[in-house]
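These figures come from a predicted structure and were not determined experimentally. Labels below follow one simple rule: chain letters A, B, ... track the order of the sequence lines, proteins then strands, and each chain is numbered from 1.
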There are 2 protein chains.
Amino acid sequence: MEAEIPMPDALTEPRDTPRTVETFRERLLELNGQLPRRLQQCADHVATHLDSIALSTVAQVAQGAGVPPSAVMRFCQIMGFSGFAEMQRLFREALSRAAPDYATRLANLKAGGAGQPSALVAEFVEAGRQSMEALARDLNETTLNQAVVILAQARTVHLAGFRRSFPVASYLAYVFDKLGVPAVLHDGVAGLGHRSSLRPGDALLAITFAPYSEETLALAAFARDRGLPVVALTDPPASGLSGVADTILSVTEIDFGAFRSLSAVIALALSLAVAVAARRET
Amino acid sequence: MEAEIPMPDALTEPRDTPRTVETFRERLLELNGQLPRRLQQCADHVATHLDSIALSTVAQVAQGAGVPPSAVMRFCQIMGFSGFAEMQRLFREALSRAAPDYATRLANLKAGGAGQPSALVAEFVEAGRQSMEALARDLNETTLNQAVVILAQARTVHLAGFRRSFPVASYLAYVFDKLGVPAVLHDGVAGLGHRSSLRPGDALLAITFAPYSEETLALAAFARDRGLPVVALTDPPASGLSGVADTILSVTEIDFGAFRSLSAVIALALSLAVAVAARRET
DNA sequence: CCGTCGTTGGAACATTTATTCCATTTCGTA
DNA sequence: TACGAAATGGAATAAATGTTCCAACGACGG
């Protein structure tokens, strides 16, 4: 008779096979710490080289983790798969969905002719994609969180961005408006500033890229002098704003020719806006 | 004795193995047209499914091309590889370089916590990337070329875009200015339109997405009535503008939540602007 | 100190996949 | 139409890769 029912145990309990990379990662976390030595090595290696699984053989994964192939097999089974092949299929499917015919099409567009408009699209798409990847790779989460806190505490958010940065600033103004966050867009209409609207308790979000625009720098300095916190959205050297900004969010935007795609900047700005709105509501 | 030296022939001449996807494509073009039927089928299929090679087996490629596996093998050898395995290695390497740790990092950011700002960044980056891929995949080159011609012939380009589309319009205004193309941004400042500035010989570029903004539709209709060509930058159904626009450039922008990343729209707009400027100069 | 049980490594086996080979068909040319 | 060269399809073979199994090991409790 079943005198004692064993506590459900992640290792022994039969689990259904992860169907998405997401659930795979969850299970990986769940298992972490309660695995024997060799299997833990597998888990560690797999966790840090998730994408390489799709293209590796058992032997390669095993070598990477510093274990014999059979250990990798056991690991796959503990993760809920019938074996390595089944686990690999998951990652291959994810990979092929990620790049369907995109790369081919891009190459075709580029090859279509150097002067062709479609070749330009290919270049800008490529630049944008690289920028976004760089953003995801290099994002400093701590700085981002700081920026969110500062802006969420502000009574009113002031937005500064001219010339190349103006589209970003104006989009932020639109988004903040939709989200019910009080925001002022410092456009240059009528040659007037909105300096007098900067009040204690407010904060400034300054968006500028090299070559930094005079107006933005001046406004940032002005805000700083009045004791208002300044968050900067800028490119890595960040030379112009290092003195005046409390928090510097830097984005590397890959240019094509003299123009930048703004993709990464907008993605970051949008995230910032939504996060700020969410924080204010709680 | 070697009585006659045969003309160098792409098929029989021994070629060294392509080392990059680029050279692979070149060789593919070189061979095009001078291949026997089955091999041509292979070439066609491979050309349009370049990326799928990395993850397919010989049998799968063969089935895709509608030929027996042995034909695929011959094709690989004609392309300069020792066999399918060697050819596949090329694409696998390209694929693993393309997604270095990006996917892992993205997943980490997402996993960092649903409410975390960094998770938002991951979502927006993902949305933007998908949008750009969709743009590259679905771009209609003919329509784009038409749009370029129309705008290049215009004396002045009028830009209409409000609310969500305003950042795009304003960025275009900036870019056109830099490129020396006469352009008017129809912002709504002071509640005035710039209708009277629409003159014969001009063209309108209307940017709007569902739900289409009244002002943009009205301006497009107005321009149409005066006989000016209208180019629309909009989303696929394009319902609102189908009557009034001469040329419709459609972009699918993946949203996250209620907000769109604008990445694809901006990439397309930028390409359009640069192509127009280039065409005007010649 | 001994026995047990979970863990480990490697060798044997099974399966999938690539590659070669050759009989047959097709195509171009005389 | 007949000939030879090229192309083709499929079956046979080779290679690689995945999977299983078992003997050996080591940690732990009695």
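- For A/A85, the listed nucleotide lying nearest its side chain is D/dG18; candidates were D/dG18, C/dT7, C/dT19.
- Here C/dT17 is the nucleotide among C/dT17, C/dG9, D/dT17 with the atom lying nearest to any side-chain atom of B/T57.
- Contacts of B/R74 with the nucleic acid, taken as non-hydrogen atoms under 4.0 Å apart, include base atoms.
- Applying side chain to side chain contact (heavy atoms under 4.5 Å, CB included) to A/P69 and the options A/V58, A/V61, A/T57 leaves one that passes, A/V58.
- Side chain to side chain, A/E253 and A/S261 meet the donor-acceptor criterion of an N or O pair below 3.5 Å.
- Within 4.0 Å (heavy atoms only), A/Q77 reaches sugar-phosphate atoms of the nucleic acid but no base atom.
- Following rounding to the nearest Å, B/F84 (CZ) and C/dT20 (C1') show an atom-to-atom distance of 17 Å.
- With hydrogens and angles ignored, the 3.5 Å screen pairs a side-chain donor or acceptor of B/R92 with a backbone N or O of B/A54.
- Regarding B/F75, its CZ atom lies at a distance of 14 Å from the P atom of C/dT19, rounded to whole Å.
- Taking the nucleotide of DNA chain C with the nearest heavy atom to each of B/V58 and B/R37, the more 5' of the two is matched to B/V58.
- Atom CD1 of A/I53 and atom P of D/dG18 are 12 Å apart (whole Å).
- Rounded to whole Å, the distance from CD1 on A/I78 to P on C/dG6 is 13 Å.
- If you take CD of A/Q63 and C1' of D/dA16, they are 16 Å apart, rounded to a whole angstrom.
- In this structure, B/S70 reaches the bases: a heavy-atom distance under 4.0 Å links it to at least one base atom across the strands shown.
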*Show your reasoning for whether side-chain contact (heavy atoms from CB on, under 4.5 Å) applies to A/V125 and B/L135.*
CA-CA 8 Å; A/V125 164; B/L135 170 62; 3.8 Å; yes
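- In this structure, the separation between OG1 on A/T20 and CG on A/L90 is 7.0 Å, given to the nearest 0.5 Å.
- Each of D/dG9, C/dT8, D/dT20 was ranked by its minimum atom distance to the side chain of A/M73; first place goes to D/dT20.
- Atom P of nucleotide C/dT16 and atom CG of B/L55 are separated by 19 Å, given to the nearest angstrom.
- Taking atom CD on A/E86 and atom C1' on C/dT15, their separation rounds to 16 Å, with Å as the unit.
- Atoms CD (A/Q40) and P (C/dT7) sit 13 Å apart, rounded to a whole Å.
- Checking D/dT17, C/dA18, D/dG9 against every side-chain atom of B/Q88, the shortest atom distance belongs to C/dA18.
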